[in-house]
Structures are given as C-alpha cells and as structure tokens.
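So the structure is just underneath, and the comments pick up after that.
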Amino acid sequence: MKRNLKQLLIALEEQATGKASFEREYVFYAKLTDPSILEKASHVESQEQWSMNIEKTDKNYCSGRIRIRKTDDNGKISYVQTIKTPIKPMQADTEASDATVPDASQNMLEVAIDASEDAFNQFKLIADQGMIKTRYSFPIEGTELKFEVDVFHLPNGEKSQWVKIDLEVDQPLETIPSLPEGFGEVIYNQKNEQTDEEKQLIWNLYENVFLTKNEYLNK
C-alpha cells in the first residue's frame with residue numbers, strides 16, 4: 001500500500017551532538033494484531049523518558065518541551081536530554097491553541113545532549129508525564145529508512161496492543177512504504193488530516209496507554 005505524503009511531516013533522527021537540528025517525522029498509530037511480528041525486528045531497545053511541556057505565555061517567546069530519555073540497548077545504558085521548540089514558534093503556537101491531540105507530529109527544532117543518571121532521576125521529580133516502552137526497529141527494504149514501533153508497558157505489567165510508530169527521514173518522500181504484516185487499524189493521517197474520530201482515539205491512547213504519570217505522586 002502506498003500513500004501520498006505531501007501533507008505529512010518528515011523527521012531527522014535525534015542525535016546527542018549539542019547542535020540544533022530539525023526534527024521532522026511521520027507518526028502513525030496501529031493495533032498489534034500479530035505480536036510475533038516483533039520477533040522479526042532488527043533492533044530492540046528499552047526506553048524510559050520523562051518530559052515537561054512549556055506553554056507559550058506573555059513571559060516567553062514560544063512553547064516547547066524538555067525531555068530526558070534513558071535507553072537500555074542490550075545492557076548499554078545511555079541518557080539524553082532534549083529541548084524542542086517549534087521551527088516557526090508564533091505560527092505553531094497559534095495552531096497549537098486549537099489542538100486536541102497531544103504530541104502530534106510537527107516540525108520542531110531540537111538540541112540533544114548527553115545527560116547523566118543523576119540528572120535523569122532528578123528530572124523525574126519535576127516531570128509531569130513519562131513514557132515507558134520498548135522500541136522495535138523494522139528496516140524498510142530498498143531504503144535506509146526504518147519504522148520505529150513503540151510498544152508501551154502498562155501498569156498491570158502487560159504490553160499495549162495499540163502502538164505508536166515513527167518514520168524518520170532525511171529528505172521528503174513521495175510515498176510511504178507499507179507497514180509489515182501484523183499491524184491493523186492503522187491511522188496514517190497526520191494531525192491536520194485526522195478525522196474527529198481519529199483525534200479522539202489518539203487522545204484516549206495518550207491519556208490511557210502511552211503516557212505515564214509522575215511515579216512520585218503516589219509516594
């Protein structure tokens with residue numbers, strides 16, 4: 001299956017270089033209908049990330065987001081702190097004021113730097129939302145691209161059936177490759193294309209599946 005990408009957003013993968021770069025990505029949502037497909041992933045890593053959204057006010061120039069992510073790559077632990085702001089802040093903030101979908105794909109300017117375990121643990125105290133997940137990578141045949149499938153860890157110990165899928169690229173695409181077999185009910189539409197029903201479903205997924213509340217609130 002091919003889909004026109006003129007209306008979709010594109011992304012460069014985050015790197016902890018300390019230099020500003022453009023983040024552009026396609027974000028899709030799907031139901032995992034065949035969990036065994038995950039065994040075919042070319043790479044698997046565990047991620048725990050915590051973030052804070054900064055609202056646009058009369059005391060700052062634009063909205064943004066600060067995040068620290070812990071990655072366990074087959075026992076190799078790393079920490080990366082990322083700051084994200086809209087590429088066109090004032091325009092993006094105007095559009096975001098009517099947004100109903102949290103964390104929808106968009107053009108962002110980001111700076112990522114190496115962080116420490118202490119910084120990660122301290123940031124968790126003030127973060128208002130987190131994500132605990134396993135990321136499965138699926139290379140796309142004939143390209144250097146890959147689907148990054150995030151499977152979320154639920155409070156009851158189970159893994160989510162609904163997944164979030166990122167496709168990061170370094171140049172515009174005319175079409176998007178098909179997802180591997182094993183994914184159903186795929187939402188290909190991006191923020192500006194989504195129906196009201198899709199927006200409501202995505203909102204519910206973030207609120208009830210994808211996002212984790214600050215764990216210290218219950219202590």
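- Residues Trp203 and Glu207 are in side-chain contact: their nearest non-hydrogen atoms beyond the backbone lie under 4.5 Å apart.
- To the nearest 0.5 angstrom, Tyr206 atom OH is 11.5 Å from Leu201 atom CG.
- Remark: Asp114 pairs with no residue by the side-chain hydrogen bond (donor to acceptor under 3.5 Å, both in side chains) rule, at least two apart or across chains.
- Applying the salt bridge (charged side-chain N to carboxylate O under 4.0 Å, His left out) rule to Lys70 yields no partners; only residues at least two apart in sequence or on another chain are considered.
- Here the shortest heavy-atom pairing between Gly18 and Ile113 reads CA-CG2, 3.6 Å.
- Side chain of Ser51 to backbone of Arg67: no donor-acceptor contact under 3.5 angstrom is found.
- Residues Leu167 and Val151 are members of one and the same hydrophobic cluster, defined by side-chain heavy-atom contacts under 4.5 angstrom among Ile, Leu, Val, Met, Phe, Trp and Tyr.
- Closest approach of Ala20 to Leu109, counting heavy atoms only: CB-CD1, 4.1 Å.
- A donor-acceptor contact shorter than 3.5 Å links the side chain of Asn214 to the backbone of Ala127.
- The two atoms that bring Ser63 and Thr85 nearest to each other are O-CG2, 3.9 Å, heavy atoms only.
- A side-chain donor-acceptor contact under 3.5 Å links Glu198 to the backbone of Thr195.
- The minimum heavy-atom distance linking Phe147 with Pro177 is given by the pair CZ-O, 3.5 Å.
- Under the rule for a side-chain contact (heavy atoms from CB on, under 4.5 Å), the partners of Glu117 that lie at least two apart in sequence or sit in another chain are Tyr79, Asn121.
- Listed by chain and residue number, Lys31 satisfy the side-chain contact (heavy atoms from CB on, under 4.5 Å) test with Gln161 (two or more places apart in sequence, or in another chain).
- Rounding to the nearest 0.5 angstrom, the gap separating the CZ atom in Phe123 from the OG atom in Ser116 is 12.5 Å.
- For residues 32-53, the salt bridge (Lys or Arg N to Asp or Glu O under 4.0 Å) pairs, not counting sequence neighbours, are Glu48-Lys124.
- In this structure, Thr71 contributes its side chain and Asp73 its backbone to no donor-acceptor pair below 3.5 Å.
- Nearest heavy atom pair, residue Ala112 against residue Val80, reads CB-CG1, 3.8 Å.
- For the pair Glu168/Glu148, a side-chain contact is recorded, criterion being any heavy-atom separation below 4.5 Å from C-beta on.
- Annotation: side chain of Leu179 is in contact with side chain of Tyr188 (closest heavy-atom distance under 4.5 Å).
- The ring-ring contact (aromatic ring centres under 6.0 Å, His included) check on Phe138 picks up nothing, with sequence neighbours excluded.
- No side-chain heavy atom of Phe28 sits less than 4.5 Å from a side-chain heavy atom of Lys164.
- The CD1 atom of Ile132 lies 7.0 Å from the CD atom of Glu215; values are rounded to the nearest 0.5 Å.
- Between Lys191 and Glu193 there is no salt bridge, since no side-chain nitrogen of the basic residue lies less than 4.0 Å from a carboxylate oxygen of the acidic one.
- For the pair Tyr216 and Leu125, the minimum side-chain heavy-atom distance is below 4.5 Å.
- The shortest distance between side-chain heavy atoms of Gln129 and Trp50 does not fall below 4.5 Å.
- Side-chain atoms of Asn60 do not come within 3.5 Å of backbone N or O of Lys56 as any donor-acceptor pair.
- For Thr212, the side-chain hydrogen bond (donor to acceptor under 3.5 Å, both in side chains) test picks out no residue, with sequence neighbours left out.
- Separating the CD1 atom in Ile83 from the CD1 atom in Ile66 is a distance of 5.0 Å, to the nearest 0.5 Å.
- Asp150 pairs by the salt bridge (charged side-chain N to carboxylate O under 4.0 Å, His left out) definition with Lys133, Arg135, not counting sequence neighbours.
- Rounding to the nearest 0.5 Å places OH of Tyr29 at 11.5 Å from CG of Asn189.
- Looking at residues two or more places apart in sequence or on another chain, you find a side-chain hydrogen bond (donor to acceptor under 3.5 Å, both in side chains) between Thr134 and His153.
- Applying the side-chain contact (heavy atoms from CB on, under 4.5 Å) rule to Ala30 yields the partners Val163, Ile165, Phe183, Val186; only residues at least two apart in sequence or on another chain are considered.
- Note that CD of Gln190 is 8.5 Å distant from OH of Tyr26, once rounded to the nearest 0.5 Å.
- Closest heavy-atom contact between Pro139 and Ser137: CD-O, 3.8 Å.
- For Lys213, there are no side-chain hydrogen bond (donor to acceptor under 3.5 Å, both in side chains) partners two or more places apart in sequence or in a different chain.
- Residues passing the side-chain contact (heavy atoms from CB on, under 4.5 Å) test with Asn156, sequence neighbours excluded: Leu154, Glu158.
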